[in-house]
Amino acid sequence: MGSEQQFKSIKGTRDLLPEESTRVRSVETTIHDVMNRWGYGEIRTPAFEQTELFTRSVGEESDIVTKQMYTFSDQSGTSLTLKPELTAPVMRAYIEHDMARGGALTKLYYIDDLFRQERPQKGRLRQFRQFGAEAIGSPHPEQDAEIVALVYTILTEIGLDDITLHINSIGSDNSRNVFRHALVEFLTPHKSDLSETSQRRLQTNPLRILDSKSEEEQKLLKNAPSILDYLDDDDRAHYEDVKHFLERMNIPFAENKMMVRGLDYYTRTTFEITSPNVGAQDALCGGGRYDKLIEDLGGKQTPAVGFAAGIERIMLAMEQGDEDSDQKAPRVYVVAAGDAARNAVLKLTMDLRAEGISADFDSLRRSLKAQMREANRLSASHAVIIGEKELAAGTAQVKTLVSGEQDTWPLKEISSNLSSGQV
RNA sequence: GUGGGGGUAGCUCAGCAGGUUAGAGCUCCAGGUUGUGGCCCUGGUGGCCGCGGGUUCGAGUCCCGUCCCUCACCCCA
């Protein structure tokens, strides 16, 4: 190694080497395709925002705000934060650009990097990538259903089959307040059986106790009141309609009344998509309706639904399943037999590339044999060999590597012959 | 922040009743084939055995400390 210090990528961040980034890119291509087909337009927001945007939207008490944000001051002393989630920045942009004026309904999507200071583990990094969409303007259940169908379709087109969609409704403010009281009333007598964190949540955020992973608590919760019994008529009708639309769209789902999302801004519909082979962090996607958020951020009262999904987790889910498709780029490797041909090799390589053919050559001045080995290693379809004899004749040897067949072609005809698919 | 597992070659790992020059497979390079890849054969490059200290005649191996990675809890995508 030689040097005193080895630099390393910092905890929770990682490099994507070419092989992997190729796979990620193909997933992202699918995302872009489906989003565009469904009428969603891409939005790109800055890497950091005013800190208060997140404390206001995500919830002062949430873990994200209390301990996971990368926050720093700029030269003027303003507190800035690397974005830990994307709904708030997108809503900020929506309000800032008065996008509501451009049409009653606004459909946006994004693919972006986020930052949270957590202890890394399988499927969780400190810099991670999400894609998501927000449908802003419609309060109606078919919009909830479309958003759910959108992620579901993307995940399916990516090739994931072993996924489960969980949905629930946490009602709007009124229903939820009534339910919260009922839940606290139910749990308080059992307070001593609860974990330390759940006891604290009994004060701060009782609904979150519902999706505790503790078996004991889950047993206790079996008899707890259900949020679904506390929905008011409007909430209930909305929820029933969402399920109805999903059925009509043939999107399979499981009702999960214990599912409560972590971010404070959700209302009514919440959903999650999980995969069994991603480790303990099994949620690939989370989302729901947030009818109050835009107002809370200073905009006009505007209903909206959205979701966010984790790219790294999706990649994990894929590795288990289908074999990665072999990408066979038709490559031509141009080989110099002797140093005299270097010039001609470089020229021909450039001509082929200009013709749209992917081509490469050896800049290490290695032996002919080594160059042929390289051509094979790259799984090139053809090796084009130029030596002194060929130089003199204005030709080249064109070898088809799978068959081993080799012919002499005039140099001038090579790129057109290869691009027209001859041989 | 808490707990489990782990750091030996570019990669995957073996070696640990402490004992001479630290190993294998893969990769890479060269030769066998003086202008031709794959398969095969031969040889070679490449290691502060994470770091610091201690015990010992002797430490990759034992002890202490420390850093890093990883899985899980918490929480979330």
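Sequence lines set the chain letters: A, B, ... in the order given, protein chains first and strands last, and positions in each chain run from 1.
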Just checking [X]: base, sugar-phosphate only, or nothing, at a heavy-atom cut-off of under 4.0 Å?
| X | answer |
| --- | --- |
| Glu390(A) | base |
| Ala375(A) | nothing |
| Ile273(A) | nothing |
| Ile385(A) | base |
| Glu388(A) | base |
| Gly404(A) | base |
| Gln406(A) | base |
| Gly338(A) | nothing |

Please give the distance between the [atom1] atoms of [N] and [M] as a whole number of Å.
| N | M | atom1 | value |
| --- | --- | --- | --- |
| rC41(B) | rU27(B) | P | 12 Å |
| rU61(B) | rA9(B) | P | 15 Å |
| rU56(B) | rC11(B) | C1' | 36 Å |
| rG50(B) | rG7(B) | C1' | 6 Å |
| rC29(B) | rU66(B) | P | 44 Å |
| rC13(B) | rA30(B) | P | 29 Å |
| rG58(B) | rG18(B) | P | 15 Å |
| rC63(B) | rC69(B) | C1' | 23 Å |

May I ask you to check whether [X] and [Y] show a side-chain donor-acceptor distance below 3.5 Å?
| X | Y | result |
| --- | --- | --- |
| Ser175(A) | Asp235(A) | yes |
| Asn376(A) | Arg373(A) | no |
| Ser9(A) | Asp15(A) | no |

Any idea how Phe271(A) and Phe307(A) line up, ring-wise: parallel (<30°), tilted (30 to 60°), or perpendicular (>60°)?
->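 Tilted: the ring planes of Phe271(A) and Phe307(A) meet at 30° to 60°.
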
[X] side-chain proximity, nearest of [options]:
| X | options | answer |
| --- | --- | --- |
| Gln130(A) | rC28(B), rA77(B), rG35(B) | rA77(B) |
| Lys8(A) | rU36(B), rG35(B), rC69(B) | rC69(B) |
| Glu118(A) | rA77(B), rU36(B), rA72(B) | rA77(B) |
| Arg119(A) | rG35(B), rU36(B), rU2(B) | rU2(B) |
| Lys389(A) | rA72(B), rA77(B), rG35(B) | rG35(B) |

On the nucleotide [N], are OP1 or OP2 found under 4.0 Å from the side-chain N or O atoms that [X] carries?
| X | N | value |
| --- | --- | --- |
| Arg373(A) | rA30(B) | yes |
| Gln281(A) | rC73(B) | yes |
| Gln121(A) | rC73(B) | yes |
| Lys11(A) | rC69(B) | yes |
| Arg366(A) | rC29(B) | yes |
| Arg124(A) | rC71(B) | no |

Does any N or O donor sit under 3.5 Å from an N or O acceptor when you compare the side chain of [X] with the base of [N]?
| X | N | answer |
| --- | --- | --- |
| Asn376(A) | rG37(B) | yes |
| Gln371(A) | rG35(B) | no |
| Lys369(A) | rG35(B) | no |
| Gln397(A) | rU36(B) | no |

Between [atom2] of [N] and [atom1] of [X], the distance in whole Å:
| X | N | atom1 | atom2 | result |
| --- | --- | --- | --- | --- |
| Glu312(A) | rC71(B) | CD | P | 13 Å |
| Ile147(A) | rA77(B) | CD1 | P | 15 Å |
| Gln68(A) | rC73(B) | CD | C1' | 14 Å |
| Leu194(A) | rC74(B) | CG | P | 14 Å |
| Arg365(A) | rA30(B) | CZ | C1' | 20 Å |
| Glu217(A) | rC74(B) | CD | P | 9 Å |
| Glu272(A) | rA77(B) | CD | P | 8 Å |
| Tyr152(A) | rA77(B) | OH | P | 20 Å |

Under a 4.0 Å threshold between the charged nitrogen and the carboxylate oxygen, would [Y] count as salt-bridged to [X]?
| X | Y | value |
| --- | --- | --- |
| Glu20(A) | Arg14(A) | yes |
| Asp173(A) | Lys292(A) | yes |
| Arg129(A) | Glu28(A) | yes |

Suppose we define a pair by two distances each less than 3.5 Å, Watson-Crick or G-U wobble; what does [N] pair with here?
| N | value |
| --- | --- |
| rA24(B) | rU12(B) |
| rG3(B) | rC71(B) |
| rG43(B) | rC29(B) |

Hey, is the main chain of Arg331(A) close enough, under 3.5 Å, to the side chain of Ser381(A) for a donor-acceptor pair?
-> yes

Assign each of Leu368(A) and Val402(A) to its nearest nucleotide of RNA chain B by heavy atoms, then name whichever residue's nucleotide is nearer the 5' end.
-> Leu368(A)

Go through Tyr109(A) and Tyr40(A) one step at a time and tell me if the ring-ring contact (aromatic ring centres under 6.0 Å, His included) criterion holds.
-> CA-CA 6 Å; Tyr109(A) 82 95; Tyr40(A) 286 73; 7.6 Å; no

